[in-house]
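Just below is one structure, and these are the notes that go with it.
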2 protein chains.
Amino acid sequence: MNEHVHPSADLTKNQSLVMGALTKSNGPLSAYTILDQLRDHGFRAPLQVYRALDKLVEFGMVHRLESLNAFVACRHPDCDDNETIAFMICEGCGQVNEITDNTLASRLRFLAGQASFALKKSTVELRGLCRSCQAA
Amino acid sequence: MNEHVHPSADLTKNQSLVMGALTKSNGPLSAYTILDQLRDHGFRAPLQVYRALDKLVEFGMVHRLESLNAFVACRHPDCDDNETIAFMICEGCGQVNEITDNTLASRLRFLAGQASFALKKSTVELRGLCRSCQAA
DNA sequence: GGTGTGACGTTATCTCATTACAAGATTGCG
DNA sequence: CGCAATCTTGTAATGAGATAACGTCACACC
């Protein structure tokens, strides 16, 4: 079992299929959209997608976008799933930009610390318009 | 028509009822939980709740927690709905803490600016355990 | 062989949210 | 007043997202 990095080689068949669908897409996909895309490959029920997604998220290969109820492939090769990640989501074209920023992350940790709050996971999602979509 | 501040006096009956339910609760409520609580007051369908919530969110009196699919009454009397707000959500007791932090907000604006991203709304939700729940 | 574990498949169900249509209520104005 | 425009409401139906509960299968390990 490969450790420490994205275990791409160890993915099961279903996990690979779901990962493939997300990688090919240039935007986030909902679980049901993935299901529809994989019906030809034998997928029949939402749970098949959700189980694969759970694992992929656990591996840090996929992120869940809470404000969209959708999932996106991680573009950082060695993305630590515990790290604070921020997403910029364009409401025009649907594109998602993934950014990591230490200043942001440490500010969030500071705020949590001030309140004696044991931080487990941060969700930071910025909605707006990307450069191209502002022109239109 | 619309006002410049929280138009508490201008709430419709349904909006007042929903606002009341959220204010009385010491944690976030889902739309369907609100619906159940208001059945005695004539509420019959989810849409009655969602319509009221839409307006209350628009007025800045209620915030939506994306990671919970739930809603919480704003505790800041003059909360501007455009302002960046962060939530600390305890996974133990369900309590939600609302915090505004200028350093955080300006960092998010900076990151957006760097990418020429026209920021409309920020979602910042921290999950973890509050002080009391860490003891247990 | 027996046992534990993890992935898989299927059905049903649950929660969250919206679409579509109709009826009152209110405001504004000729 | 009479009428249109707009807003709020009510109701039913449906769409979208997620999980529970069952059973099966493959495989590693002793």
Side-chain angles (χ1 to χ4, degrees), chain A residues 1-3 7-22 25 27-59 61-72 89 94 123 125, chain B residues 1-3 7-22 25 27-59 61-72 89 91 94 123 125 127:
Chain A
M1 302 269 181
N2 286 338
E3 294 300 335
S8 322
D10 295 355
L11 293 183
T12 68
K13 185 187 169 199
N14 283 3
Q15 288 161 13
S16 300
L17 286 167
V18 169
M19 191 65 203
L22 284 171
S25 164
L29 296 178
S30 77
Y32 278 72
T33 302
I34 295 172
L35 173 60
D36 285 341
Q37 290 188 8
L38 295 181
R39 287 204 189 273
D40 295 342
H41 295 270
F43 274 55
R44 315 277 319 179
L47 202 49
Q48 296 175 281
V49 178
Y50 281 109
R51 285 204 267 235
L53 284 171
D54 280 350
K55 284 298 178 185
L56 293 170
V57 168
E58 184 184 322
F59 295 155
M61 302 171 70
V62 166
H63 301 296
R64 179 195 173 94
L65 298 174
E66 302 284 356
S67 66
L68 291 180
N69 291 326
F71 301 83
V72 67
I89 304 169
T123 298
E125 299 181 12
Chain B
M1 290 301 271
N2 284 340
E3 300 294 339
S8 320
D10 296 355
L11 293 182
T12 67
K13 185 184 168 202
N14 283 3
Q15 288 162 12
S16 300
L17 286 167
V18 170
M19 191 66 204
L22 283 170
S25 164
L29 296 177
S30 78
Y32 277 73
T33 303
I34 296 172
L35 174 59
D36 285 339
Q37 292 189 8
L38 295 181
R39 286 204 189 273
D40 296 341
H41 295 271
F43 273 55
R44 314 278 318 185
L47 201 50
Q48 297 174 282
V49 179
Y50 280 109
R51 285 204 269 235
L53 285 172
D54 281 350
K55 286 296 179 186
L56 293 171
V57 168
E58 184 185 321
F59 296 157
M61 301 171 71
V62 165
H63 300 295
R64 180 196 172 93
L65 299 175
E66 303 284 357
S67 67
L68 290 180
N69 292 326
F71 300 83
V72 68
I89 304 167
E91 293 178 341
T123 298
E125 299 180 12
R127 310 289 293 264

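So you know, we letter chains A, B, ... as the sequences are listed, proteins then strands, and number each from 1. A quick note: this is a predicted structure, and the numbers were derived from the prediction, not measured. Only this structure's heavy atoms are used, side chains among them; waters, hydrogens and symmetry mates stay out.
Once rounded to the nearest 0.5 Å, the distance linking CZ of B/R51 with OG1 of B/T12 reads 10.5 Å.
Of the candidates A/L17, A/L29, A/V72, A/L22 forms a side chain to side chain contact (heavy atoms under 4.5 Å, CB included) with just one, namely A/L29.
Distance, A/E66 CD to D/dG17 C1': 12 Å, rounded to whole Å. Rounded to an integer number of Å, the gap from CZ of B/R51 to P of D/dC7 is 14 Å. Between the CG atom of B/L11 and the P atom of D/dC7 there is a distance of 17 Å, given to the nearest Å. If you measure from atom OH of A/Y50 to atom C1' of D/dA20, you get 14 Å, rounded to the nearest angstrom. To the nearest angstrom, P of D/dA18 lies 16 Å from CD of A/Q48.
In this view, B/R127 and B/E91 satisfy the salt bridge (Lys or Arg N to Asp or Glu O under 4.0 Å) rule, not counting sequence neighbours. Applying the side-chain hydrogen bond (donor to acceptor under 3.5 Å, both in side chains) test to B/N69 and every residue at least two apart in sequence or in another chain returns B/R64. A search for salt bridge (Lys or Arg N to Asp or Glu O under 4.0 Å) contacts involving B/D54 returns nothing, not counting sequence neighbours.
Looking at which nucleotide of DNA chain D each of B/T12 and A/L47 is closest to, the 5′-most match is held by B/T12.
Of the candidates D/dG10, D/dG17, D/dT8, the closest approach to any side-chain atom of B/K55 belongs to D/dT8.
A heavy atom closer than 4.0 Å to some atom of DNA chain D occurs in no member of residues 30-40 of chain B.
Contact between A/M19 and A/V62 at its shortest, heavy atoms only, is SD-CG2, 3.8 Å.
Applying the 4.0 Å criterion to OP1 and OP2 of D/dA18, one finds that B/N69 has every side-chain N and O outside that range.
Taking a heavy-atom distance under 4.0 Å as the criterion, the stretch of DNA chain C touched by chain B extends 5' to 3' from C/dC16 to C/dA20.
A donor atom on one side chain and an acceptor atom on the other are not found under 3.5 Å apart for B/E66 and B/T123.
A donor-acceptor contact shorter than 3.5 Å is absent between the side chain of B/Q15 and the backbone of B/A52.
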Side chains of residues 34-48 of chain B: which donor-acceptor pairs under 3.5 Å do they make with residues two or more places apart or in other chains?
from: B/D36; atom 1: OD1; to: B/R39; atom 2: NE; distance (Å): 3.3
from: B/Q48; atom 1: OE1; to: B/R44; atom 2: N; distance (Å): 2.6
from: B/Q48; atom 1: OE1; to: B/A45; atom 2: N; distance (Å): 2.9

